[in-house]
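Scope of the values below: all heavy atoms of this structure, side chains included, with no hydrogens, waters or symmetry mates.
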Number of protein chains: 2
Amino acid sequence: MRYSKQRKEILEIIKTTNSHPTADWIYERVRTQIPNISLGTVYRNLRQLVDNDLIHARTVNGMVHYDGNLGDHQHFYCTDCGILYDLDLSLEDFVSEITENLGHVIHECDLQFNGICNSCQQEQ
Amino acid sequence: MRYSKQRKEILEIIKTTNSHPTADWIYERVRTQIPNISLGTVYRNLRQLVDNDLIHARTVNGMVHYDGNLGDHQHFYCTDCGILYDLDLSLEDFVSEITENLGHVIHECDLQFNGICNSCQQEQ
DNA sequence: CAAGATAATAGTAATGATTACTATTATTTA
DNA sequence: TAAATAATAGTAATCATTACTATTATCTTG
Ligand SMILES: [Mn+2]
Ligand SMILES: [Mn+2]
Ligand SMILES: [Zn+2]
Ligand SMILES: [Zn+2]
């Protein structure tokens with residue numbers, strides 16, 4: 001992976017913002033530094049950075065949000081303002097942490113594990 | 001909400017399958033019963049059924065999967081075969097349940113809460 | 001420091017899932 | 001039965017993302 005100023009700038013933007021920006025937001029932001037950058041370049045770099053595990057991607061409401069925080073953490077998504085908050089929870093008491101300490105109201109708990117299932121392991 | 005045979009058939013398909021089908025899969029399936037049904041009709045009905053809480057929708061890998069199981073449950077997504085398994089976990093020991101009892105290998109834990117955040121509640 | 005090798009870019013076209021539109025048809029209600 | 005209107009089929013439009021291509025920038029190696 002070579003380092004272009006486009007790639008450096010995109011990575012810098014994601015690393016220095018904690019608002020989980022979308023591709024379009026990043027595109028508008030990087031254009032203030034590199035006005036003639038292509039939207040295709042932004043998407044291509046985002047995919048490369050995700051593939052090389054330099055950033056993370058997560059889909060919220062059908063839109064991909066990018067995350068420069070690589071540490072193991074969870075999120076709270078507000079369906080009203082659309083902010084995707086970082087959470088750092090012990091799994092035992094995460095519900096009371098959110099509702100009592102942070103004061104958020106939980107409408108939905110979206111919990112999903114990804115990995116390789118039992119039957120797929122048998123086949124290898 | 002009136003009841004057309006298209007709507008009845010779509011709901012029936014989702015309620016009687018536990019494989020979390022996509023819009024396109026449902027479209028192909030319902031076409032065996034109603035050959036000239038429109039893809040637009042499938043999408044329109046899926047949205048209506050979700051809005052009226054008769055089915056649930058969840059996005060996995062950028063594709064929307066529909067779920068006729070309205071009970072509170074979690075999922076295990078296999079990145080190899082793409083199967084989205086239902087889980088019914090007590091939150092205390094869900095990891096050992098998945099790894100030890102079910103034999104799946106967890107690569108990712110995707111945990112997200114949706115609701116109304118503290119600051120949004122203040123404004124109302 | 002060249003110079004060749006090739007990864008990355010800008011610009012644009014294509015894709016694919018979903019939504020919008022419109023004239024027609026089916027369902028409900030009285 | 002007939003008016004009111006929700007739903008439909010078919011198609012066009014949208015929008016995020018990906019693919020393509022000729023050109024440019026970066027890396028490597030002598
Ligand atoms: Mn985060
Ligand atoms: Mn399910
Ligand atoms: Zn909020
Ligand atoms: Zn599997």
Quiz prompt | Option among A:His73, A:His75, A:His20, A:His104 that satisfies the ring-ring contact (aromatic ring centres under 6.0 Å, His included) test with A:Tyr85 | solution =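 Going through the options one by one, the only one that passes is A:His104.
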
Exercise. Under 4.0 Å from any atom of DNA chain C, heavy atoms only: list the residues of residues 6-13 of chain A that qualify, in numerical order.
Key: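 Going residue by residue through residues 6-13 of chain A, the ones with a heavy atom under 4.0 Å of DNA chain C turn out to be A:Gln6, A:Arg7.
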
Quiz item: Side chains of B:Leu87 and B:Ile98: does their closest heavy-atom pair fall under 4.5 Å?
Solution: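 Yes - at least one pair of side-chain heavy atoms lies under 4.5 Å apart.
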
Quiz item: Do A:Phe76 and A:Ile106 touch side chain to side chain, with heavy atoms closer than 4.5 Å?
Solution: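 Side chain of A:Phe76 against side chain of A:Ile106, heavy atoms only: contact under 4.5 Å found.
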
Practice problem: State, to the nearest 10°, the angle formed by the axis through the first five base pairs of the helix from C:dC1-D:dG30 to C:dA30-D:dT1 and the axis through its last five. | Solution: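 What I find for the helix from C:dC1-D:dG30 to C:dA30-D:dT1 is an axis angle of 50°.
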
Tabulated below should be each protein N or O lying under 3.5 Å from an N or O of nucleotides 22-26 of chain C; please produce it.
none

Practice problem: Considering non-hydrogen atoms only, spot the tightest contact between A:Thr22 and A:His65 and give its length. | Solution: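 So the minimum-distance heavy-atom pair works out to CG2-CE1, 3.8 Å.
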
Quiz item: Looking only at heavy atoms, what is the nearest atom pair of A:Cys78 and B:Cys117, with distance?
Solution: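 Taking A:Cys78 first and B:Cys117 second, the nearest heavy atoms are SG-N, 3.3 Å.
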
Salt bridge (Lys or Arg N to Asp or Glu O under 4.0 Å) contacts touching [range] (sequence neighbours left out):
range	result
residues 49-63 of chain B	A:Asp110-B:Arg58
residues 18-37 of chain A	A:Glu28-A:Arg31
residues 60-76 of chain B	none

Self-check item: Any residue of residues 26-38 of chain B with a heavy atom less than 4.0 Å from an atom of DNA chain D
Solution: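 Hits under 4.0 Å, by residue number: B:Asn36, B:Ile37, B:Ser38.
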
Quiz item: Phosphate oxygens OP1/OP2 of D:dA6: is one of them under 4.0 Å from a side-chain N or O of B:Gln48?
Solution: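 No, no such contact exists.
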
Quiz item: Does A:Arg44 place a side-chain N or O at less than 4.0 Å from the phosphate oxygens OP1/OP2 of D:dT18?
Solution: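 So the side-chain polar atoms of A:Arg44 never come under 4.0 Å of the phosphate oxygens OP1 or OP2 of D:dT18.
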
Quiz prompt | First encountered from the 5' end of DNA chain D, between A:Leu39 and B:Asn45 | solution =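 So the residue in question is B:Asn45.
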
Quiz prompt | Nearest-nucleotide pick for B:Arg47, side chain only, options being C:dA20, D:dT17, D:dT18 | solution =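 Of all the options, the side chain of B:Arg47 is nearest to C:dA20.
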
Quiz item: Which residues pass the side-chain hydrogen bond (donor to acceptor under 3.5 Å, both in side chains) test with B:Gln48, sequence neighbours left out?
Solution: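 side-chain hydrogen bond (donor to acceptor under 3.5 Å, both in side chains) list for B:Gln48, sorted by chain: empty.
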
Where do N or O atoms of nucleotides 15-17 of chain C meet protein N or O atoms at under 3.5 Å, pair by pair?
none

Quiz item: With a cutoff of under 4.5 Å between side-chain heavy atoms, which Ile, Leu, Val, Met, Phe, Trp and Tyr residues group with B:Ile10?
Solution: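 Via sub-4.5 Å side-chain contacts, B:Ile10 links to B:Met1, B:Tyr3, B:Leu11, B:Ile13, B:Ile14, B:Trp25, B:Ile26, B:Tyr27, B:Val30, B:Ile34, B:Ile37, B:Leu39, B:Val42, B:Tyr43, B:Leu46, B:Leu49, B:Val50, B:Leu54, B:Ile55, B:Val64, B:Tyr66.
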
Practice problem: List, by chain and then residue number, the residues other than A:Val60 in its hydrophobic cluster (Ile/Leu/Val/Met/Phe/Trp/Tyr, side-chain heavy atoms under 4.5 Å); write none if there are no others. | Solution: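 Members besides A:Val60, by chain and number: A:Tyr77, A:Leu84.
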
Quiz item: Does anything in residues 7-16 of chain B pair up under side chain to side chain donor-acceptor pair (under 3.5 Å), and if so which pairs, sequence neighbours excluded?
Solution: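 Residue pairs with at least one partner in residues 7-16 of chain B: B:Arg7-B:Asn45.
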
Self-check item: Euclidean distance, atom NE2 of residue A:His65 to atom C1' of D:dT17 [Å, nearest integer]
Solution: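 These atoms are roughly 15 Å apart.
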
Quiz item: Are the side chain of A:Gln6 and the backbone of A:Thr41 linked by a donor-acceptor contact shorter than 3.5 Å?
Solution: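 Not confirmed, A:Gln6 side chain does not pair with A:Thr41 backbone.
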
Quiz prompt | N/O donor-acceptor pair under 3.5 Å between B:Glu97 side chain and B:Leu102 backbone | solution =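 No; judged by distance alone, with no hydrogens or angles, the pair does not exist.
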
Exercise. Could you check A:Asp86 against A:Asn69 for side chain to side chain contact (heavy atoms under 4.5 Å, CB included), going step by step and ending with a plain yes or no?
Key: CA-CA 9 Å; A:Asp86 279 338; A:Asn69 179 357; 3.6 Å; yes

